[in-house]
2 protein chains.
Amino acid sequence: MTTTAAQTFPRKRGANGATPRNDADEIGLDALVGHAGYAVRRFQIWIFQDFVKTLGNVDIRPTQYSVLTVIGANPGLSQMAVAKHLGIERARLVHLLDSLEQRRLVKRVRSKTDRRSHALHLTAQGETALAKFKRLAAEHERHVEDRIGKENREQLLRILADFT
Amino acid sequence: MTTTAAQTFPRKRGANGATPRNDADEIGLDALVGHAGYAVRRFQIWIFQDFVKTLGNVDIRPTQYSVLTVIGANPGLSQMAVAKHLGIERARLVHLLDSLEQRRLVKRVRSKTDRRSHALHLTAQGETALAKFKRLAAEHERHVEDRIGKENREQLLRILADFT
DNA sequence: GGAAGATTGTTGTTGACGACAACAATTGCC
DNA sequence: GGCAATTGTTGTCGTCAACAACAATCTTCC
């Protein structure tokens, strides 16, 4: 391995099974090393799974969380606006909101100024729920720190800042 | 073609729409900033799209590329082995290989030693095709460099090295 | 003021993907 | 020799991105 990297990490991951490393078979991923997309994809899967697991009790998935967070921070947004700023398709957002509205976390209010659009708001229940979700999300974020290291996480955020 | 996506961060991304930045509306993503998962997800989507676009002419998707690469580097692997080392489910690999075998890039050979399993090999055609794919993948990798910077890309790879 | 065009929410379809469950063929173990 | 485990396969389910079409509603322009 010419990779001067990875000395700060636990070598093997036993129990949690997130990383399927070579177990004494030593197969060469070779050409895949050096591909940013591959590393990012694997990491994204890991992070996603941990998020889902950590917020499992409250049954909130990453996309749902991002929607709630944006609405909470910007009440009255239209679906179009939320979709655009999260990079979600508006068609997809419809179902997401259907679900969140059924759970009484979000409500759609017809806009007075533009009767095509809906103004999105958290319900009172949604507000308190979101507060809880945020605590759990922070816990998840600590898992990330534990996994890749505090400084590495910060650098990651810095590097990817303008994708947010 | 080569829309040569974004050489040095055009502040706004108009056409390709990968990065939905605020267009003079200035909505607060606020709470989402600081979430590694969110940044990674957005980045992953961007990188994925660029890969698909760059390898669009040859009709190869990231997962297919990773399968071909691993088989090319380790001829004779079983499906189980490939699946495990790529973190793909063996059920899913079946369809991937069906497609790649139809395109005469890969062939399944019944193993002599274990007649349950298939030894996977690239066809001659598959070898030359993969060489071309690798050149295109390298081009894609340059797009990543252009997008986030050379050092940042290297740091990213270093940070995520043990997920590969 | 009204027709033409754009936008917003909605419904539906397609395809890639991860997660599971079940099954036949085969192998390994005792 | 029999029984559990493994391998490839098929199928289902739910998430997600990408489109396309549509009705209701603005906006623009003549």
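Below, read A as the first sequence line, B as the second, and so on, with proteins coming before strands; counting in each chain starts at 1.
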Do the rings of B:Phe43 and B:Trp46 sit parallel, tilted or perpendicular, given the 30° and 60° boundaries?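 B:Phe43 and B:Trp46: parallel rings.
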
No-H, no-angle donor-acceptor pair, A:Arg115 side chain to D:dT25 base, under 3.5 Å: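 Check fails, no donor-acceptor contact within cut-off.
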
Within the 4.5 Å heavy-atom criterion, are A:Phe51 and A:Tyr65 side-chain neighbours or not?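 SC-SC contact between A:Phe51 and A:Tyr65 confirmed.
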
For the residue pair B:Ile60 and B:Leu68, establish whether any side-chain heavy-atom pair is separated by less than 4.5 Å.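 They are in side-chain contact.
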
Can you list the residues that meet the side-chain hydrogen bond (donor to acceptor under 3.5 Å, both in side chains) rule with [X], with sequence neighbours excluded?
| X | result |
| --- | --- |
| A:Gln155 | none |
| B:Glu154 | B:Lys150 |
| B:Glu141 | A:His35, B:Arg153 |

Starting at the 5' end of DNA chain C, which residue's closest nucleotide do you reach first, A:Leu97 or B:Asp114?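 The residue closer to the strand's 5' end, by nearest nucleotide, is A:Leu97.
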
Whole-Å gap separating C1' (D:dT25) and CE (A:Met80):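 Taking CE of A:Met80 and C1' of D:dT25, I get 15 Å after rounding.
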
What's the CZ-P distance between B:Arg116 and D:dT7, to the nearest Å?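 It works out to 6 Å between those atoms.
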
Taking 5' to 3' order, which nucleotide of DNA chain C is first and which is last to have an atom within less than 4.0 Å of a heavy atom in chain B?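 Contact boundaries, 5' end first: C:dA16 to C:dT27.
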
At under 4.0 Å between heavy atoms, how does the protein contact nucleotides 11-20 of chain D? Give one character per nucleotide, 5' to 3', with B, S or -. B---SSSBB-

With a 4.0 Å cut-off, would you call A:Glu101 and A:Arg108 a salt bridge?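 Result for this pair is yes, salt bridge flagged.
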
What pairs with A:Arg92 under side-chain contact (heavy atoms from CB on, under 4.5 Å), at least two apart in sequence or on another chain?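 Once residues adjacent in sequence are excluded, the partners of A:Arg92 under the side-chain contact (heavy atoms from CB on, under 4.5 Å) criterion are A:Ile88, A:Glu89, A:Leu96.
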
